[in-house]
Amino acid sequence: SRASIGVTGLAVMGRNLARNLARHGHTVALHNRSPQRTRDLVDQFGSEGDFVPTHTAEEFVRALERPRKLVVMVKAGTPTDAVIDEFAPLLEPGDIIIDAGNAHFADTRRREAALRERGLHFVGTGVSGGEEGALHGPSIMPGGSASSYDSLGPLFEDIAAKVDGAPCCTHIGPDGAGHFVKMVHNGIEYSDMQLIAESFDLLRGALGYEPAQIADVFRTWNTGRLDSYLIEITAEVLAHTDPATGAPFVDVVADEAEQKGTGRWTVQNGLELGVPITGIAEATFARSLSGHTELRRAARGLAGPTRSAARGGVSERFADDVEQALYASKVVAYAQGFNQIQAGSAEYGWNVDLGAVAAVWRGGCIIRAKFLDDIRGAYRAEAGLPTLLASGEFRSAVEDAQDAWRSVVSTAVRLGIPTPGFSTALAYYDALRAERLPAALVQGQRDYFGAHTYRRVDRDGSFHTTWAADPRAEHEA
Ligand code: NDP
């Protein structure tokens, strides 16, 4: 046994993670259900480092130094359970199974509890950055026991992305905490992408800019506070011309966004925990709406402004306004996502450090952005911050942006350009800052039809009004 770590599941993600480990000088045992992938890896990349190819589960386990560290990088779902069932009987107490696939955090909690019974550590680990990240430095979010991180942490920190010399990897918290945080990361990613897409649609619809021109606008934005991987790649996608037709690439792509389901998980969990992650929900529904071709076909002729005719009264300043609306909406999306992590952490007793989460998202992952350094700073200054929107820097930035934000949303409404992301973010901002909400009326309605009772602003207790008989009769319930 001479490998410091092993990877089973050598499709694109596992292969690149194994190569990354080997390139950093670690001896990596290799295993895959079908042996061809193992052979291919060694044939193509064997010279990159020290690999120990194995073809049976027993061989794989024997190749590992104790405590054994097995990274499972297989298709998420039942394959993960199958692999665990295959390897767990061959392991000894203290060994560590790392699930680096995209598991649902509830599955991770279940698996962790079952393996803990058998004396094994199970570390559900969020890995973000796609195949490039896996090879060159991903953002890594391990859950599981703190003691497993003692031996695993140094390896993962070694291969993670680095920002200012700091690794984008930290122990997130026990059992499913890592996969939970990865889930919210993906939800925020949906939201970020939707907001950027709406910005594109606005610049095109309201200013008549061509995609290549909009690419330049995004490149400029990318030198400021919006500096991020997603803005950068958006500029490249928009500047790209379809080789077959010579048309802008974005115009030849079918406008039906797909999803693998992590956005849906995030929204479902937001509903379960009662956290209003409206930005993520709208972004997820926007993808779903785009795919409903039959609905869209049926509604296509409905009256409303046509973009070219309605344009006008929009100044060149509009592009700058969109930048501000994008920034403010993005703050809202992140504020909501971090609140969800806060709520998950409280619900499951994880004690997640939100500043540390922001720090590991600064590099390697899809939502990496300069902005995350500011979020880290905000939670460093106040760990229990109720909302990012109320924190000094973000508060003043959003307050400064709000006139432009409102103007962009009203222009969008006037021109009939759908901006669910911008609109819901602004509605969230206005709802949070409101002195009174019409929720009071909703309570009245609930009391009327269902005797659900209400609380009063001026007295403690819960009250019910006997509506049918005599609305003046109120009594404490
Ligand atoms: P896939 O999700 O396509 O899974 C293929 C791998 O799973 C192969 O090694 C395959 O083995 C193995 N596998 C499938 N079923 C079983 C089974 N029943 N028993 C044993 N092995 C099985 O591979 P990817 O590399 O794309 O992704 C791996 C994981 O990483 C997934 O969980 C995915 O969600 C996640 N992922 C993460 C990304 C990220 O950015 N973080 C990006 C992409 C994926 P065989 O060769 O024998 O068929």
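For ligands, and for the atoms within them, numbers begin at 1 and follow the listed sequence.
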Considering the heavy atoms of V127, write down every atom of ligand 1 situated less than 4.0 Å from one of them. 39 (C), 41 (N)
Nearest protein heavy-atom contact for atom 30 (O) of ligand 1: which residue, which atom, what distance? M73 SD, 3.5 Å
Numbered atoms and elements of ligand 1 in range of G9, under 4.0 angstrom, heavy atoms: 9 (O)
How close does the nearest protein non-hydrogen atom get to atom 6 (C) of ligand 1, and which residue and atom is it? A11 CB, 3.9 Å
Residue pair P211 / H240, side-chain heavy-atom distance below 4.5 Å: no
May I ask you to test the I375-W361 pair for a side-chain heavy-atom distance under 4.5 Å? no
Nearest non-hydrogen contact with atom 18 (N) of ligand 1 belongs to which option: M13, R33, H31? R33
Does the plane of the ring in W221 sit parallel, tilted or perpendicular to the ring in F218? Use 30° and 60° as the thresholds. perpendicular
Identity and separation of the nearest protein heavy atom to atom 20 (C) of ligand 1: V83 CG2, 3.6 Å
So, is the end of the R15 side chain (NZ or CZ) under 6.0 Å from the ring centre of F45 and within 45° of the ring's axis? no
Nearest non-hydrogen protein atom, atom 46 (O) of ligand 1: R37 NE, 2.5 Å
Suppose I only count heavy atoms of V12 and a 4.0 Å limit; which atoms of ligand 1 are within that range? 25 (O), 26 (O)
Numbered atoms of ligand 1 (with element) below 4.0 Å of G101, judged on heavy atoms: 29 (C), 30 (O), 32 (O)
As a check for students: among V74, T38, L17, identify the option with a heavy atom nearest to atom 29 (C) of ligand 1. V74
Checking the side chain of R296 only, and the main-chain atoms of S290 only, is there a donor and an acceptor separated by less than 3.5 Å? yes
Would you mind telling me if ligand 1 is within reach of the side chain of T78, the backbone, both or neither, using heavy atoms under 4.0 Å? neither
At a 4.0 Å cut-off, with the gap strictly under it, does some heavy atom of E131 reach an atom of ligand 1? no
Just to be sure I read this right, does ligand 1 sit under 4.0 Å from the backbone of K182, its side chain, both, or neither, counting only heavy atoms? side chain
Is a donor on one side and an acceptor on the other found under 3.5 Å between the side chain of S139 and the backbone of V360? yes
Counting non-hydrogen protein atoms only, what is the nearest one to atom 7 (O) of ligand 1? Give residue, atom name and distance. K75 N, 3.2 Å
For atom 40 (O) of ligand 1, what is the nearest protein heavy atom, given as residue, atom name and distance? G130 N, 3.0 Å
In a check of ring pair (Phe, Tyr, Trp, His ring centres under 6.0 Å) between W405 and each of Y327, Y428, Y429, which one passes? Y429
Distance from atom 47 (O) of ligand 1 to nearest protein heavy atom, with residue and atom: S34 OG, 2.6 Å
Under 4.0 Å to a heavy atom of N102 - the qualifying atoms of ligand 1, by number: 32 (O), 34 (O), 35 (C), 37 (C)
In the complex you have, is atom 36 (N) of ligand 1 within reach of the protein, judged by whether a heavy-atom distance drops under 4.0 Å? yes
Inspect the contact between R287 and E256 and indicate whether a charged nitrogen and a carboxylate oxygen are less than 4.0 angstrom apart. no
Shortest non-hydrogen pair, L195 vs F422, comes out as CD2-CD2, 3.4 Å
Do the side chain of H26 and the main chain of V28 share a donor and acceptor less than 3.5 angstrom apart? no
Please could you name the atoms of ligand 1 that L10 approaches to less than 4.0 Å, counting only its heavy atoms? 9 (O)
Between F371 and F394, is the ring-ring contact (aromatic ring centres under 6.0 Å, His included) condition met? List the steps. CA-CA 10 Å; F371 175 78; F394 288 111; 5.6 Å; yes
